[in-house]
Number of protein chains: 2
Amino acid sequence: MEKEILKSVELKNTKKRQIILSILEKAHKPLTAEEIYAQTIGQTRMSFSTVYRSLGALTEKQILMKELMQDGKTYYQFNNNNHKHLLVCSICGEIIPIDDCPLHKLENDLVSKTGYIITGHSLEFNGICPKCTEKF
Amino acid sequence: MEKEILKSVELKNTKKRQIILSILEKAHKPLTAEEIYAQTIGQTRMSFSTVYRSLGALTEKQILMKELMQDGKTYYQFNNNNHKHLLVCSICGEIIPIDDCPLHKLENDLVSKTGYIITGHSLEFNGICPKCTEKF
DNA sequence: GTTTTTGCAAACTGTTTGCAGGATG
DNA sequence: CATCCTGCAAACAGTTTGCAAAAAC
């Protein structure tokens with residue numbers, strides 16, 4: 001439950017943060033601040049800065065992770081062991097989440113080659129979806 | 001030579017575009033508009049919008065490719081068969097280019113799973129470099 | 001009642017654009 | 001000389017921030 005999540009990272013348990021977390025839980029895919037804001041309308045009255053500040057705080061506490069995508073927007077999702085990368089159609093904008101992250105093996109290679117501790121990665125594929133391919 | 005590149009894509013052969021291309025050639029790694037602009041100083045007098053418009057035109061003509069990275073800046077590099085991804089130290093900002101792109105196999109998987117035509121990808125690793133790890 | 005969170009409006013960063021003058025083929 | 005390119009300043013999008021009021025603990 002959202003209340004426990006917030007308590008566990010010493011963030012105050014507010015209605016608005018609960019709502020933001022529950023929107024992300026239901027989504028099962030990364031969302032932008034704008035998309036989250038849009039979904040709050042009707043549920044509660046919340047400003048854009050609250051959305052951003054809540055997402056920022058939760059990201060800092062490692063509950064969420066964020067990724068700046070090629071569309072210039074930052075996407076947020078839960079920071080768990082099955083985070084998702086996206087495949088985006090350049091024509092219609094359709095977004096397909098890719099279910100398992102294929103980069104762990106590559107990260108091991110990098111560790112041995114560079115001596116870095118790898119803390120994260122961002123990955124995005126762009127292409128043309130079957131529907132858009134047909135339109136020619 | 002830069003002149004031939006520009007001619008081949010029907011862009012006018014200007015001194016400023018030649019300079020931008022030569023800066024990227026010498027760099028052997030992706031650069032931001034800001035970094036390119038900084039390197040033009042002394043060589044010629046060029047406005048920021050010229051840098052952006054030239055990079056935009058060359059990207060549109062597929063001579064260059066661009067990638068928006070997690071620092072919020074767009075990096076440009078030649079669009080050839082050995083494009084580079086970056087490993088960025090979150091502490092000191094050091095950037096290591098990764099020489100061979102490890103995603104081709106993954107893209108084949110995606111094609112068969114989704115029916116998409118894959119036209120590109122972006123990938124970035126973040127971590128902590130050996131020097132910064134030592135400082136603890 | 002002290003600390004944290006929120007809303008508002010204004011600021012900020014990287015990038016894009018309209019327009020008038022200048023260079024290219 | 002028609003077209004493309006450039007510089008300038010203003011606009012733009014997404015995000016962040018300072019401050020005062022409101023809510024949480």
Side-chain angles (χ1 to χ4, degrees), chain A residues 1-21 23 30-38 40-41 43-61 63-76 88 93 122 124, chain B residues 1-21 23 30-38 40-41 43-61 63-76 88 93 122 124:
Chain A
M1 206 212 168
E2 291 85 15
K3 188 173 171 180
E4 274 74 51
I5 296 177
L6 291 167
K7 192 161 195 182
S8 73
V9 292
E10 292 163 320
L11 287 175
K12 290 203 169 166
N13 171 45
T14 68
K15 192 80 188 285
K16 295 173 202 250
R17 285 175 176 164
Q18 288 180 15
I19 290 177
I20 290 174
L21 285 171
I23 289 171
L31 296 177
T32 63
E34 202 179 15
E35 290 170 324
I36 293 168
Y37 175 76
T40 63
I41 296 169
Q43 293 194 65
T44 186
R45 202 174 154 290
M46 189 178 326
S47 74
F48 247 104
S49 29
T50 299
V51 176
Y52 276 113
R53 277 198 259 232
S54 300
L55 292 170
L58 288 161
T59 304
E60 200 151 279
K61 298 292 189 181
I63 302 301
L64 301 179
M65 53 186 289
K66 66 172 178 178
E67 183 173 352
L68 176 56
M69 304 275 295
Q70 298 305 307
D71 62 3
K73 294 175 189 164
T74 303
Y75 286 69
Y76 296 84
V88 184
S122 54
E124 173 181 349
Chain B
M1 205 210 169
E2 292 85 15
K3 188 174 170 178
E4 274 72 53
I5 297 177
L6 291 167
K7 192 162 195 180
S8 74
V9 292
E10 292 163 322
L11 289 175
K12 292 205 167 164
N13 171 46
T14 68
K15 192 81 189 286
K16 294 170 204 255
R17 285 174 177 166
Q18 288 180 15
I19 289 176
I20 290 174
L21 286 171
I23 289 171
L31 295 177
T32 63
E34 202 179 14
E35 291 170 324
I36 293 167
Y37 174 77
T40 64
I41 296 169
Q43 294 194 64
T44 187
R45 201 175 155 289
M46 188 179 324
S47 74
F48 248 105
S49 27
T50 299
V51 176
Y52 276 114
R53 278 198 258 231
S54 300
L55 291 170
L58 287 161
T59 303
E60 201 152 277
K61 298 293 190 180
I63 300 301
L64 301 180
M65 54 186 290
K66 65 173 179 178
E67 181 173 351
L68 176 57
M69 304 276 295
Q70 299 303 307
D71 62 4
K73 294 175 187 164
T74 304
Y75 286 69
Y76 296 84
V88 184
S122 54
E124 173 181 349

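Letters A, B, ... are given to chains in the order of the sequence lines, protein chains preceding strands, and every chain is numbered from 1.
If you measure from atom CD1 of A/I20 to atom P of C/dT5, you get 12 Å, rounded to the nearest angstrom. Atom NZ in A/K61 sits about 10 Å away from atom P in C/dT4, given to the nearest Å. Put simply, CZ on A/R17 is 8 Å from C1' on C/dT4, counting in whole angstrom units. Atoms CZ (A/F48) and P (D/dT17) sit 17 Å apart, rounded to a whole Å. The separation between B/L31 atom CG and C/dT15 atom P is 13 Å, rounded to whole Å. B/Q18 places its CD atom 19 Å from the P atom of D/dC4, with the value rounded to the nearest Å. Between the NZ atom of B/K7 and the C1' atom of D/dC5 there is a distance of 18 Å, given to the nearest Å. With rounding to whole Å, A/E10 atom CD is found 15 Å from C/dT3 atom P.
A 4.5 Å side-chain heavy-atom check between A/L21 and A/L6 finds at least one atom pair inside the cut-off. When side chains are defined from C-beta on, A/K7 does not count as touching A/N13, because their heavy atoms never get closer than 4.5 Å.
Each of A/K16 and B/Y75 has a nearest nucleotide on DNA chain C; the 5'-most of these lies closest to A/K16.
The number of heavy atoms from other shown groups lying within 6.0 Å of CD (A/E4) is above 12. At most 12 non-hydrogen atoms from other residues, nucleotides or ligands lie less than 6.0 angstrom from CD of A/E60.
In this structure, CD on B/E2 lies 11.0 Å from NZ on B/K15, to the nearest 0.5 angstrom. With rounding to the nearest 0.5 Å, the separation of OG1 in B/T74 from OH in B/Y52 is 7.0 Å.
The closest donor-acceptor contact from the side chain of B/Q70 to the backbone of A/E67 lies at 3.5 Å or more, if one exists at all. Panel note: side chain B/K16, backbone B/V51; no donor-acceptor pair is recorded below 3.5 Å. Of the possible donor and acceptor atoms, none in the side chain of B/K66 sits under 3.5 Å from a partner among the backbone N and O of B/T32.
A heavy atom closer than 4.0 Å to some atom of DNA chain C occurs in A/S49, A/T50, A/R53, A/S54, these being the qualifying members of residues 49-58 of chain A.
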Show the distances under 3.5 angstrom between N or O atoms of the protein and N or O atoms of nucleotides 21-25 of chain D.
from	atom 1	to	atom 2	distance (Å)
D/dA24	N3	A/K12	NZ	3.3
D/dC25	OP1	A/N13	N	2.9

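B/T32 comes within 4.0 angstrom of no nucleic acid atom, judged by non-hydrogen atoms across all strands.
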